[in-house]
Each structure stands twice: as C-alpha cells, then as structure tokens.
Amino acid sequence: MKNKGFYLSLVAIALPISLQALLQNLVNMLDTVMIGRLGSTEIAAVGLGNQIFFILNMILFGITSGGGVFIAQFWGKQDIKGIRKSLGLMTGIAVFAAFVFTILGLLIPYKMIGLYSPDPQVVKVGGDYLRIVCLSYIPTAISFSITLALRSTERVKLPLVCTSISLITNAGANYLLIFTAGLGVKGAAIATIFSRLVEVMILLIWSYTHEYEVCGKIRELLGFDWSFVLKYIKIAFPVIINETFWGLGTSVYNAIYAHAGTNSFTAYSITGTISQLTWVFCMGFGNGIGVLIGKRIGEKKFDEARSYAFRSMWFMPLVGACVGILLLPLSKLLPLLFNVEAEIIKMATSILMILIFVYPFNSFCMDWVVGVCRAGGDTIFSAVSELLVLWCVSIPLGYTAAFVLHLPAPMIFLFFSSESFIKAIIGAIRIISGKWLHEVT
C-alpha cells in the first residue's frame, strides 16, 4: 500500500506540472512554428533571441528551486509563515534578475545576439525581437515564483489553468500580429508580452481571492530576517550558480552550432522545440519527486524520504525511455511544421534519433539533481558535479567535434551528450550513499 501511495501521489503532482510545462512549451513553439513560415533566417533569429531568455530562465529556475527546498519542507511542517517569507524572498531576487536582463535587452540587443551568430541578417532580426520581448521578463519572473510556491504546496491545478489561457492568448495574438498586421518577429514578441501579463494577473487574482497558503500580506512576504536570508543563500545560492552556469553552458552549445553554420543551428533549434514537447514529462515527474521527498523531510520521515529516492532510481529512467519513443512520430511532422531546406530537416531528424537513446540518462539526471538532491538540501554537491561535467567534459568535446573534427550537427550533439552518461553514474553513487539528505528548516 505504501508503494501504491507513493506512485499515486507522484502522478497527482507530476501530471499537472507536466501538462503545464507542455503548454508553456507550446506557447514557445507557436512563436517558432509561426515564424518558421517566414524562413530559416527568422527561425534562427528568434531562436537566438530566446537564448537570452533561456539564460534568464535558468537563473529563475535556480532561484525558485532553491526557494522550493524551503517551501516544501515548511509545507511538511505546516509552517505557513515560513512558506510566505520564502516566497517573498525568492520573488524579490527573481524580479531583480529579470530587471537586469530587461535593461540589457533594451540597451544592447544586437550585441547580445551578435555573441551567438556572425550572420548580420540574423543579428538584425534577432535584435529587433529581443528589444521587444525583454519586456515580458519581469511578469515572467513573478509567475515563476508563484507557480513554484504553489507546486511545492501541492496546489498544481491553478498554474495549469493559467498556462492554458496564456497559450490561447498567445496563439490568437501571434496570428493577428505576425500575419494579419504583418509585423513578423516583432509581432511574435508583442504577443509574448501580452500572454505573460494575462498569465501573471490570473495567478495573482485567483490565488488571493481563494486565500491559498502562499498568499500573504506584504509584511508576511517580507517577514524574513538576516539569519533566514543567510540560510536561504547557503542552500539556494549553489542552485542559482548551478542553473546560471548550466544555462550559460547550454548557450555555449548554441553558439558552437551557430558558428558551425546557420543550417546547423536552425536544425538544433528545431530539435529543441520538438524535444521539449516530450521532455516536460521527465521534468514533471522529477519535480514531483522533489515535492514528495521535501515534504517527508519536513515531517521528519527520513526513512520514507530515502525510500522514495531509491524508487526513483529505476522509475525515472523508465519514464525517460517511454517519452523518448514519442520523438519517433514527432520527427515525421518536421517537414509540415517548418518551411526550411531538406538538409536541415534531415539533420534535425538525426539529432532526434540520437536523443531517443539519451533520454533515459537525461531523465535520471533530472531526478537526482532536481528531484532528490535539491529536496534534500544537497545543493552544493549537485551543483559542483553538474558544472564540472558540463564545462570540463561536454563543452570541450562538443567544441572539438565542431571545430577540430568538423563533424556534422548530429555528431556534435552526440559529443555533447557525453554529459548525461557521466552524470548518471555520479547520481546513482550519491543516492545510494544517503549523504544527500539534510533538514534545512
């Protein structure tokens, strides 16, 4: 019965998270697919413009994941004041990070795109897109924080509803502004801003009118003292550094592809857009495991928390294998979705075929880094391990594949994927050791 309860609880949390992430990716995919009808230059430009947001996205994920460690454990203790001061602190940090990226996007958009691509036309179109879409960053940061807090307190339905409405809003605005008004990539950027504003307004209004646990008065949200700030920084800072430098590393991947050729980068962008539709399920279950483990630690049920971690070691690779198979039918849709050369479609399809075999390893890495170690407060070990493998193994191998061996895009991707195989071994050893479990509250 205990096993059954674990899996039922996990599915109840993970499926809404997965569906919300799927809808979020569909919002992003709408931009790419609709812009894809304009040509490969526009796809590459918007893809690079979104790389700036991807770095911010990783920083926000680090900030909120660090806060989520506290909120999940406070939730296990039913400490509502602790939940609210955690939300207030992480929202303030998230908004500050988003403000910095907004200023950079407004002042130097072309220089930022130029870091990724030497193609002047791509830089021009991408800079135009970035200068507008950066205005969506602050509402996105607020949504990020509230959504993470709601998930950590097992309120997973509202974020799903809000993202559904955001998807519909974005789809309608995209069509009107890109095609009817003829604004192209600028129209896609404006539609993104509008949909993000709608999402954050619904989140705030519904949460407060229904008096959810995370919703407090300003003095409650700002009720943290310096001792709590220092404790938060000790746990959250390694996560923020981890996600920031992981995001930068992924941007280096994109820069390598972009400098290897616009066709290579376009194929990689298409692959990323498609693979995110399936990856959301691995992400959802990984986050769900983190919520359950964090809650058990807060309740001081340490043996049960360890048991959950052990079960995840076989369950998450199985999830990865199952959702990876979905890439096969999705790969057949590429010629219908993207108006690009046949060579690009062929490269993207080959990358997806490699990804099918990498998915179980990727899924387990999501499990031990985000689900187990972060829930257990073991953030320094997971951050150091992940960044060492990324920057000392994966990126040098990818660089060698692209610029020394001059391999095609699918082989560059395979070299980059070495990261997942090594991290999976490290994660298995860490979970078995039991050293990941810490009570932080």
Side-chain angles (χ1 to χ4, degrees), residues 18 21-22 25-26 28-29 32-33 36 40 43-44 47 50-51 54 249-250 252-286 316-367 389-390 393-395 397-425:
S18 299
L22 176 61
N25 284 317
L26 285 172
N28 296 333
M29 185 179 177
T32 305
V33 171
S40 57
I43 291 180
N50 283 331
Q51 277 306 299
F54 177 77
T250 305
V252 171
Y253 286 0
N254 284 279
I256 289 173
Y257 275 108
H259 282 83
T262 299
N263 282 1
S264 291
F265 178 74
T266 303
Y268 185 59
S269 294
I270 290 172
T271 303
T273 300
I274 295 297
S275 66
Q276 285 301 314
L277 297 179
T278 53
W279 178 246
V280 294
F281 294 100
C282 301
M283 190 207 72
F285 278 94
M316 284 301 291
L318 179 62
V319 171
C322 291
V323 299
I325 297 298
L326 297 175
L327 293 174
L328 277 172
L330 287 173
S331 68
K332 306 299 181 185
L333 300 177
L334 297 185
L336 302 176
L337 295 174
F338 301 98
N339 181 31
V340 296
E341 295 86 348
E343 179 192 356
I344 295 175
I345 296 296
K346 184 178 179 181
M347 282 194 289
T349 302
S350 297
I351 293 173
L352 287 175
M353 295 305 100
I354 295 171
L355 190 56
I356 290 173
F357 294 99
V358 179
Y359 250 36
F361 297 94
N362 286 350
S363 184
F364 177 62
C365 292
M366 163 64 73
D367 169 44
V389 175
L390 172 65
V393 179
S394 182
I395 288 177
L397 285 177
Y399 181 90
T400 301
F403 300 117
V404 178
L405 302 177
H406 303 289
L407 296 176
M411 292 305 297
I412 298 173
F413 180 80
L414 184 60
F415 274 60
F416 280 138
S417 298
S418 60
E419 172 192 10
S420 298
F421 307 135
I422 298 171
K423 276 167 47 182
I425 296 171

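Note that these values count all heavy atoms, side chains included, but never hydrogens, waters or copies made by symmetry.
Atom CD1 of residue Ile345 and atom CG of residue Asn263 lie 11.0 Å apart, to the nearest 0.5 angstrom. Rounding to the nearest 0.5 angstrom, the gap separating the CE atom in Met347 from the OG1 atom in Thr266 is 8.0 Å. Once rounded to the nearest 0.5 Å, the distance linking CE of Met366 with CZ of Phe281 reads 13.5 Å. Note that CD1 of Ile351 and CD1 of Ile274 are 12.5 Å apart. Values are rounded to the nearest 0.5 Å.
When side chains are defined from C-beta on, Tyr253 counts as touching Ile395, because their heavy atoms get closer than 4.5 Å. With a 4.5 Å cut-off on side-chain heavy atoms, Leu355 and Phe413 count as touching.
Closest heavy-atom contact between Cys282 and Met316: O-CE, 3.3 Å. Shown here for Val280 and Ser18, the closest heavy-atom pair between the two residues is O-OG, 3.4 Å. Ser363 and Pro317 make their closest contact through OG-N, 4.4 Å (heavy atoms, listed as atom of the first residue, atom of the second, distance). Ser420 and Cys365 make their closest contact through O-SG, 3.5 Å (heavy atoms, listed as atom of the first residue, atom of the second, distance).
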Check residues 320-336 and write down every donor-acceptor pair under 3.5 Å in which the side-chain atom is one partner and the other belongs to a residue at least two apart or another chain.
| unit_1 | atom_1 | unit_2 | atom_2 | d |
| --- | --- | --- | --- | --- |
| Ser331 | OG | Leu328 | O | 2.6 |

For a quick test of your reading: what N or O donor-acceptor pairs under 3.5 Å do the side chains of residues 400-410 make, sequence neighbours left out?
| unit_1 | atom_1 | unit_2 | atom_2 | d |
| --- | --- | --- | --- | --- |
| Thr400 | OG1 | Pro396 | O | 2.8 |
| His406 | NE2 | Phe403 | O | 3.4 |

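Within 6.0 Å of CZ in Phe421 there are more than 12 heavy atoms belonging to other residues, nucleotides or ligands.
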Assess the residue pair Leu318 and Phe285 against the criterion (side-chain contact (heavy atoms from CB on, under 4.5 Å)); give the C-alpha distance rounded to whole Å, side-chain angles, the decisive distance to 0.1 Å, and a yes or no. CA-CA 11 Å; Leu318 179 62; Phe285 278 94; over 6 Å; no
### Message
Apply side-chain contact (heavy atoms from CB on, under 4.5 Å) to residues Trp279 and Asn362 and explain how you reach the verdict.
### Response
CA-CA 9 Å; Trp279 178 246; Asn362 286 350; 3.6 Å; yes
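For Thr349, there are no side chain to side chain donor-acceptor pair (under 3.5 Å) partners two or more places apart in sequence or in a different chain.
For Ser394 (side chain) and Phe416 (main-chain N/O), a donor-acceptor pair under 3.5 Å exists by modelled atom type. Between the side chain of Ser275 and the main chain of Thr271, a donor-acceptor pair closer than 3.5 Å is present. With Ser264 contributing its side chain and Tyr257 its backbone, the two residues share no donor-acceptor pair below 3.5 Å.
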